[in-house]
Amino acid sequence: MSDERTRLERAIARALRDDRISRRSFLRKAGRGGLYAGGALSLPAILAACGIGPSGSASVAPSSVPVGGGEPSGTLIFANWELYIDPDENDNPANSPTLVAFKDATGIETTYTENIIDNQSFFAQIQPDLEAGNPTGYDLIVMTDWMIGNMIRLDYLESFDVAQNVPNFVANAADKYKDPSYDADNKHSVPWQSGITGIGYNPALVDEEITSMAQLLDPAMAEKYSGKIGMFTEMRDSMCFALLLNGVVPKDATASDVEAARDVLLAQKPHVRGYFGNDYVNGLSDGTLAMTMAWSGDVFQLQFDNPDLRFVVPEEGAMLWIDNMAIPKGAAHPNDALAIMDYVYRPEVAAQLAEWVNYICPVPAAQDIIRQHADEAESQEDKDYLAAVAESPLVFPTEEMLSRLYSYKVLDEAEEREWNEMFQEVVQG
Amino acid sequence: MADALARVLPATTESPGRPRRPPIGARLRRAALPAFTALVVAYLFLPILVMIAFGFNDIQGRFNYAWQGFTLEHWQNAFNRYPALNDALKTSVIVAGISTVIATFMGTLIGMALTRYEFRGRGPLNMLIFLPIATPEIVLGASLLALFVSAGVARGLVTILLAHIMFNISYVVVTVRARLAGFNRALEEAAMDLGADEWTTFRKVTLPLIFPGIMAAALLAFALSIDDFVITQFTSGRTATFPLWVYGASRIGIPPQVNVVGTLIFGTALLGVVGWIVLQRRQLVAPPTRTDR
Amino acid sequence: MSGWLRQHRALVPYLFLVPGGLWLIIFFLVPVLAMAAVSLQEGTLGTGFRLTFNFGVFPDTITRWDGQLIRSLQYGLIVTLLALLIGYPMAYTIAFRGGRYKSILLLLVIMPFFTSFIIRTISWKFILADDGVVLGSLKDLGWVDAGFRILATPAAVIAGITYNFLPFVVLPLYVALEKIDHRLIEAATDLYASRLQAFLRVTLPLSLPGVFAATLLAFIPAVGDYINAELLGSPGETMIGNVIQRLYLVNNDYPQASALSLILMIGILLSVFAYTRLLRGQELTG
């Protein structure tokens with residue numbers, strides 16, 4: 001199927017859905033050479049209409065013109081993960097103090113929803129709209145780095161000039177977050193929060209100190225805690241852990257490295273209690289899991305309930321993931337999205353977020369602000385808490401720790417399919 | 001043969017003589033079934049009891065699975081702590097109510113056509129009704145999503161409704177049919193012999209008799225709709241129903257307010273039952289009758 | 001109006017069928033047919049899917065996932081049997097011994113299912129937890145050894161699914177049992193049948209339409225269920241629904257996911273036809 005035909009079919013499919021189409025604009029969209037006879041009813045066109053059609057560089061309108069530079073409209077629809085913004089006294093994130101302050105500063109009213117449970121299912125929900133060129137209903141979403149990479153490749157994100165539209169990012173963000181491998185020059189995203197996927201364990205159930213990936217993955221050692229070990233259902237996390245065990249830097253993994261990683265996971269499988277999503281925290285808390293893959297922010301928070309729980313970055317390394325703010329194609333209020341991106345990079349706002357979210361803060365200057373808050377705090381409890389946040393390597397990691405953290409490899413489609421199939425063998429085969 | 005017997009036998013069933021006390025063995029055997037039923041009902045309610053209990057748990061962090069103390073706090077802020085929870089609940093009830101009414105209506109019509117009339121295309125129709133039940137929910141959901149997107153229909157309350165009505169129709173037909181299959185036409189014929197026209201016969205004879213079957217089907221449809229997860233997830237867009245909201249929350253830690261709301265739903269159903277009993281006792285509502293009365 | 005109806009008597013059934021039938025065609029048939037078309041495609045989300053009539057996807061998928069398919073059918077059968085074993089006596093008790101309390105008892109059976117099944121399943125997860133209320137106490141008493149667990153085993157998944165579908169079994173059984181004419185049973189006992197014989201020769205056969213409906217309402221969703229396996233099971237209990245979900249939402253492998261869904265549907269249909277033949281019922285295909 002040639003690019004020309006595809007473009008035509010997508011244009012027709014889109015045009016047929018546009019109510020205000022006039023005959024002339026229909027013809028213009030249909031491209032030179034007049035109408036493609038019967039095109040609208042052909043199977044490829046129907047499939048394109050069903051959201052199953054090629055995308056990428058063959059897209060027509062909406063164009064890849066960058067957004068930004070305009071006046072904010074006053075409304076923002078923001079979708080995020082749970083527990084990712086400081087809530088109000090009733091634990092309601094929609095009235096977050098940060099969002100209230102944002103409104104005071106800019107006049108923009110934010111509708112905040114915590115619809116994102118994991119990358120894949122949220123993507124599956126909005127993908128049909130993005131594919132069909134329809135607005136998703138969201139202006140700002142937060143997706144993990146590799147999903148951002150995918151969406152950029154699929155041309156599902158609006159682009160912008162970060163220096164012009166998000167100056168606070170350029171001024172205040174740590175260098176590590178600038179020009180990442182998955183989004184060159186931050187043309188489509190800026191980080192929201194970042195975190196570490198490491199090993200969390202319960203010393204009450206684990207006799208020795210955990211320092212190495214092998215204690216989790218090597219069957220000879222994992223056997224000891226058989227049935228009480230947790231892994232992630234997220235393919236990238238689990239596969240990269242296995243790669244690290246084999247001494248492979250994830251970004252440079254080859255096909256044979258990945259097969260070896262799969263074999264490691266298959267060997268470990270008999271001892272694994274389950275492949276979890278966010279719900280591993282339940283297992284870690286109630287004693288079902290002795291040792292599990294874990295996210296730094298979760299364990300940090302769990303430690304307030306159970307101070308014994310430990311989080312460790314193994315000597316072989318751990319994964320650094322970055323959740324990023326991005327604007328889906330066709331967003332109705334892109335300038336408002338850019339405004340909040342800029343707002344949260346103000347150090348005092350970043351500090352406020354870090355104090356609640358407890359993941360890695362992208363703004364180093366926030367650390368001193370949190371220390372200041374700790375000094376000014378009235379109750380000893382607040383003092384201790386804020387000091388813990390400011391000094392925690394899980395929120396402001398040291399250089400040494402950062403040197404042992406690796407980023408995910410950005411996979412192209414064929415690789416992603418391969419990795420997914422191999423991992424599915426482990427998880428469900 | 002059952003029909004013929006039913007027509008011939010008299011309606012009296014009194015047995016003569018004083019009733020004697022049955023021996024203990026027989027009494028135990030007689031008690032076995034009700035005891036079993038009581039056990040099963042207890043088993044059905046066990047998770048509900050846990051749910052109710054943990055609505056009173058005084059949790060410190062965000063996890064609600066170890067008892068930490070008694071508190072009424074969650075009952076006090078059940079509906080203002082998570083506004084999204086209220087919205088989700090409202091949506092669920094509205095969807096369940098409307099889809100039940102519409103699906104029961106359409107499904108009963110089909111059930112009646114299938115059991116009482118001759119027509120062509122019976123085979124394909126049976127297939128069409130049966131297939132949604134045989135199809136995994138995930139297939140139903142994903143295929144509907146593709147339909148709505150290509151038709152440019154925004155996903156939300158309406159699309160959830162459309163999906164729920166769809167799968168409810170089949171369940172209603174199957175349930176109503178089981179009841180209609182053995183329906184005794186003799187009663188209708190008797191009514192018509194006595195001079196009633198078709199519409200009156202339907203209203204005064206048929207409908208009351210098949211009403212319990214229709215109610216059972218409606219109950220099933222309501223329960224299915226209010227609890228549906230997979231299909232709703234695909235067709236809901238950004239609208240949340242109660243199961244969707246709870247699933248999302250379960251990844252982190254279900255807040256006790258969910259337990260409270262669950263308890264309230266359960267309590268409302270319980271009140272409904274009690275109300276029904278009271279109304280029946282006072283003869284305001286007719287108890288279900290058997291067809292042989 | 002009744003005059004018109006009487007004249008066009010033959011049309012009446014079709015009129016009854018139109019609303020529901022049309023609904024099912026638009027919102028079930030059309031989407032599923034489109035899905036069947038997808039299964040014959042090849043490609044990826046980025047490069048697009050092309051209709052290549054790749055019928056090879058079916059044998060490939062079956063061989064790839066035969067273990068999970070078989071396991072799902074097995075679990076479905078066990079669940080159905082268990083549900084019938086528990087549900088039939090219950091429906092019988094309510095229908096025959098319920099008296100004035102029939103409706104109440106029925107409502108009692110349904111009421112727990114007005115709360116979200118997620119809450120109920122999580123409650124089961126709590127009740128059956130490794131060191132929870134039940135197992136923890138048993139372990140403390142030494143009746144059960146420390147490594148024993150119920151969760152993350154086939155038993156937990158089967159128990160969970162059975163629990164979820166019990167009312168779907170009880171209801172149709174009740175409906176069928178309730179309309180049995182008691183005089184027939186009395187006639188049987190008058191003719192010197194024992195209570196057991198009366199049950200086996202009169203009640204049971206007359207309740208078969210209900211058994212049929214109950215079996216279907218339990219077996220079919222049980223085979224396709226994946227939430228119980230996800231929440232209560234370990235990877236060793238992966239059912240075909242889990243695989244389909246992962247193929248759709250994680251791998252974005254729509255053709256294989258659609259093919260697998262079709263295979264599951266056809267597998268279920270074949271089982272049901274075999275069952276129908278067995279019962280020589282004309283309910284479905286008559």
Side-chain angles (χ1 to χ4, degrees), chain B residues 2 5-6 9 33-34 36-37 40-41 44-45 47-48 50-51 65 106-107 109-110 112-113 117 119 123 126 128 130 132-136 138-139 142-144 146-147 162 166 169 174-175 178-179 181-182 199 213 216 219-220 223 227 242-243 246-247 250 262 265-266 269 273 277 291-292, chain C residues 2 12-14 16-17 19-20 23-24 27-28 30-32 34-35 86 89-90 93 97 100 102-104 107-108 110-120 122-124 126-127 171-172 175-176 179 181 183-184 186-187 209-210 213 220 224 241 244-245 248 261 264-265 268-269 284-285:
Chain B
L5 257 183
L9 289 176
L33 271 182
F36 176 79
T37 304
V40 177
V41 172
L44 284 175
F45 275 67
I48 311 295
V50 169
M51 172 193 74
Y65 49 77
M106 295 202 280
L109 283 182
I110 297 185
M112 283 184 22
Y117 292 92
F119 58 89
N126 276 317
L128 181 65
F130 178 62
I133 305 183
T135 310
I138 194 164
V139 177
S143 55
L144 274 174
L147 176 74
L162 297 176
M166 181 271 290
I169 294 178
V174 168
T175 311
R179 172 93 188 184
W199 180 236
L219 261 179
L220 183 64
D227 213 15
F242 188 60
V246 174
Y247 182 76
S250 77
I265 295 176
F266 181 73
V273 170
I277 303 172
T291 53
D292 58 358
Chain C
S2 32
V12 168
Y14 296 104
F16 280 10
L17 295 176
W23 199 278
L24 286 175
F27 295 109
F28 170 70
V30 167
V32 169
M35 180 133 297
I86 301 177
M90 268 206 82
T93 312
R97 309 267 283 273
R100 294 182 300 168
K102 270 185 229 185
S103 324
I104 301 164
L107 285 168
L108 277 181
I110 305 222
M111 251 164 46
F113 297 82
F114 282 155
T115 43
S116 165
F117 86 97
I118 305 264
I119 301 182
R120 284 181 269 123
I122 304 264
S123 298
W124 275 119
F126 166 80
I127 297 171
L171 269 184
V175 163
K179 66 179 163 69
D181 191 334
R183 291 170 301 172
L184 294 170
E186 282 178 29
I220 292 163
I244 294 177
Q245 194 217 21
Y248 264 123
S261 312
L264 180 61
M265 269 175 73
I268 292 177
L269 283 173
L284 266 302
T285 54

Name the member of [options] that forms the most heavy-atom pairs with chain C at distances under 4.5 Å.
| options | result |
| --- | --- |
| B:V41, B:L162, B:I48, B:I169 | B:L162 |
| B:P34, B:P47, B:A113 | B:P47 |
| B:T175, B:L220, B:L44 | B:L44 |

Segment of [X] engaging chain B (4.5 angstrom heavy-atom cut-off):
| X | answer |
| --- | --- |
| C:F126 | side chain |
| C:I110 | side chain |
| C:L171 | side chain |
| C:R97 | side chain |
| C:M35 | side chain |

Between [X] and [Y], what is the shortest heavy-atom contact and its length?
| X | Y | value |
| --- | --- | --- |
| B:L109 | C:P19 | CD1-CG, 4.3 Å |
| B:P243 | C:I118 | O-CG1, 4.3 Å |
| C:L24 | B:M166 | CD2-O, 3.6 Å |
| B:Y117 | B:M112 | CD1-O, 3.8 Å |
| B:F45 | C:L108 | CE1-O, 3.3 Å |

**Request:** Identify which part of B:F119 has an atom lying under 4.5 Å from any heavy atom of chain C, answering side chain, backbone, both or neither.
**Result:** both

**Request:** Would you mind checking which part of B:I265 comes under 4.5 Å of any heavy atom in chain C, side chain (CB onward), backbone (N, CA, C, O), both or neither?
**Result:** side chain

**Request:** Might you work through the side-chain contact (heavy atoms from CB on, under 4.5 Å) test for C:F28 and B:L144, ending with a clear yes or no?
**Result:** CA-CA 8 Å; C:F28 170 70; B:L144 274 174; over 6 Å; no

**Item:** CG-CD distance between C:L184 and C:E186, expressed to the nearest 0.5 angstrom
**Value:** 9.5 Å

